[in-house]
Structures are given as C-alpha cells and as structure tokens.
K.L.:
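Just passing along the structure, written as structure tokens.
All ligand and atom numbering here is 1-based and tracks the order in the structure. No hydrogens, no waters, no symmetry mates; every other heavy atom, side chains included, goes into these values.
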Amino acid sequence: MFETLTQAPSDKILALMGEYAADQRSTKIDLGVGVYKDEKGVTPVMTSVRKAEERILSNEKTKTYLGIAGNKGFGAAVLDLIFEDGLDRSRVRIAQTPGGTGSLWVLMQLITRARPGASFYVSDPTWANHVPMAKQAGFDLKTYPYFDTETRGVKFDEMLATLNGLKAGDVVLLHGCCHNPTGANLTPAQWDQVADSLARTGALPFIDLAYLGFGDGIEADAYGTRKVIASVPEAVLAFSGSKNFGLYKERVGAAILVARNAAEADIANSQMLNVVRGAYSQPPDHGAEVIRTILTDAALRAEWETELTEMRNRMIYLREKLSAAIRERSNSTDFDFVSSHRGMFSLLGLTNEAVEKLKQENGVYMTGDSRINVAGLPEAKMGELADAILAVSR
Ligand code: LMR
C-alpha cells in the first residue's frame, strides 16, 4: 500500500520550530512560528486563562459529549466578541472547531459541497497553510494582488481591481486583521471599498480572523470583518483563539457561517455539522470552556483584555525598537515599515539566501520568505540583530 506514496513536503513554519530547537547556540533568536513570547522568551499561560481553568477544574461535573457544534456558550460568546450586537443572529450559525485551522478546513469543505471547484482567491502572499488547504479542498486557487514589495504596504488599487472583476460563486479569502505573513493591513476606508465591491459582485467573503486584538485593539481589528459581513448576504468566518487567548495547543477555534435568511442558515448548518461529524465527530471542550468562562465573567474578561493589551503594546514597542535600531545604524528609513505594520508579523523583504545566512551565521530564525514574528524580537540584542539584518540586506 504505502509504497505507492511519495514524500510529502514538510510544513515550512513548523519544520523551522524543530530546527530552532535543535540549534545549540545560546545566542539563537527565534523569529519563526507565530507564538507570542514575553520579555523572557516564554509563551506564558495568561493569568485570566489560568483562573478560568482553576474554576473549570473545580466545577466540572461531567465529561459527557458536547455535541457536533461543540460548546454552545462558547459559540454565543465568540459571536458577541466579534460582532457585539451588530449582526442578526437568525442568519448566523457557529461550530466550535479544533483551532483556527480546523475552522478553515470545515468551512472549505462546506463551500466545496455548495460549489465544488470554485475559484478561490487568496492574497499574494498569504499564510503558507492556506494554499495546500485550498488545493486539498479541490478549489481552483487564484491570487489577488496584495503586498507591495516597494512600499511594504498594500497594493490596494490592484487588489480592488481584481476584486471588482470577481463574480457570484467566487470565494475571496481575506485576513480580518494582522495580515500573515506581511503585517500590512487595510485601512477602514479600504475595508469600506472591499465591502462595497463584494456586495456588488456577489463573491463570497471568507474571513480568516486569527489575530483579533493583536493589531490595534479588538474594536479596530474587528472593523473590516464587521463591515464586510454587514454589507453582504452571505459570508463565512474562521475564528481562532490560539493567539489572543494564548491557547495554542488546546486547539480552539470556530467556523461561522452567515446565510441570507434563517432557513438557508439551517440547511447550510446541517451540512457544516455533517462535515464535522464525518471528520472528527465533535470538538474537544477545554479551550472553548476557558474562553466561554473568560468572556462571560466581567472580571475575567477585563483581566484578559488587559493582558491582551499588554501583549499588543509589547509587539508595537518591539516594532519601533527594531525600526529605530536599523535607522540609527543605516541612516535610512528603509525598515521603518516594521513600525507601521501591525499584528504578529512583518515581511522584511530579504532574499532566501539572506534568510539562510542569518540562520547559519547569526542563529536568527525566520521563515524563508523573511517573515519575522515580532514578539520574538530580543530587546536586549536589538542592535546586534539590526547589524545582522543590515549585513545580509546590502
Ligand atoms: C504561524 O503562521 O506561524 C502560525 O499561524 C502557526 C502555524 O500554524 O503556522
């Protein structure tokens, strides 16, 4: 049987985690996989999460099954977090999923049932895992222009021109905030134009919202998602609780569908739940119950928001530090874009050879496309890092 198989490509982001772990140099710097790190280089369990877990452990009465859609209280709390009261819930259905990737997969399968082989547009570039996932779902994968390698901003006119040329039945994957891998994001005015375009063409927005709160705050980061979904009859949304709740290994996310009316929402939901039942039956509870506990308790929610704000501010601070260190050393503003980007990542625009050299000679790890996880920037060694980046970029 297995002799018919050939080697599958390894996942570039996760493979880098292994390479970094195996590197024995004490000076190594991890700017690879997208996990938050504090100033000690630790990915902490958030205090609000710890408190919620203690409460869950002492109050939990049963381990019986949750049902295919998962933790219902979690679903309601996530919808309130993303939309507040701005969305008619009769058109919305939500299924708790194992992580944000689980929600992407469930929603891709759902769309495949409605439109097999649909044209599926992703930003150029996009998160490395979007591409194989969309191909595996059988979509006709296409890209829309996004990152401008000259300005390090968004090529908005070109992006919009492509979106304006789409038709009903096409699918457009949008990063709700904190674009991965580039760090370049749409302004509210640009989101308004994207929403108008989607409303006009009838293309289906597929929003990946994996970093809510990591950019400019929950409200600002939710703007695009709220605007698009308020403007169109149908949409899907993949939510992740990995980053903003620091629940990475607990795998908690949600697949959300918005239909034209309640009757169509019920039918689409029956298909979504059928996808889940045939794949993993039902999701695990722990991470979802943690998020439900936090979001439905005023004190825990306030504590979580404070912790989220601290993480966000630290990433913005580190962005400014790196830009300043490079500016001082090069007397140029070439890397100032790092401080205007938002979210967990910035694409530095280095060649693959330069990235490899940084790894081999300086022990600096980033993905081959020169994406850095800004939370991994070493405050105490920013000067050395700036020197190393400048040396390979000349
Ligand atoms: C990343 O982009 O580094 C994260 O989303 C982790 C992952 O699974 O790739």
K.L.:
Between Phe345 and Tyr211 (judged by ring centroids, cut-off 6.0 Å), do the two rings come close enough to count as a pair?
P.N.:
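Yes - the distance between ring centres of Phe345 and Tyr211 falls below the 6.0 Å cut-off.
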K.L.:
Which parts of the protein, at residue level, reach under 4.0 Å of ligand 1 through a heavy atom?
P.N.:
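Near ligand 1, by chain and number: Ile13, Val33, Gly34, Trp127, Asn180, Tyr211, Lys243, Phe345, Arg371.
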K.L.:
Under 30°, 30 to 60°, or over 60°: which ring-plane class applies to Phe120 and Phe139, parallel, tilted or perpendicular?
P.N.:
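Phe120 and Phe139: parallel rings.
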K.L.:
Examine Lys28 relative to Tyr365 and say whether NZ or CZ is less than 6.0 Å from the centre of the six-membered ring and inside a 45° cone about the ring axis.
P.N.:
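No, cation not above the ring by the 6.0 Å, 45° rule.
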K.L.:
Sorted by first residue and then second, give each salt bridge (Lys or Arg N to Asp or Glu O under 4.0 Å) pair with at least one member in residues 71-81; sequence neighbours left out.
P.N.:
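Applying salt bridge (Lys or Arg N to Asp or Glu O under 4.0 Å) to every pair that reaches into residues 71-81, excluding sequence neighbours, yields Asp80-Arg89.
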K.L.:
Output a table of donor-acceptor pairs, distance under 3.5 Å, between side-chain atoms of residues 30-41 and any protein atom two or more places apart or on a different chain; print 'none' if there are none.
P.N.:
{"from": "Asp30", "atom 1": "OD1", "to": "Gly32", "atom 2": "N", "distance (Å)": "2.9"}
{"from": "Asp30", "atom 1": "OD2", "to": "Lys37", "atom 2": "NZ", "distance (Å)": "2.8"}
{"from": "Tyr36", "atom 1": "OH", "to": "Arg314", "atom 2": "NE", "distance (Å)": "3.1"}
{"from": "Lys37", "atom 1": "NZ", "to": "Asp30", "atom 2": "O", "distance (Å)": "3.3"}
{"from": "Asp38", "atom 1": "OD1", "to": "Lys40", "atom 2": "N", "distance (Å)": "2.9"}
{"from": "Asp38", "atom 1": "OD1", "to": "Gly41", "atom 2": "N", "distance (Å)": "3.2"}
{"from": "Asp38", "atom 1": "OD1", "to": "Val42", "atom 2": "N", "distance (Å)": "3.0"}

K.L.:
Could you list all the ring-ring contact (aromatic ring centres under 6.0 Å, His included) pairs where at least one residue sits in residues 145-164, not counting sequence neighbours?
P.N.:
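Sorted result for residues 145-164: Tyr146-His179.
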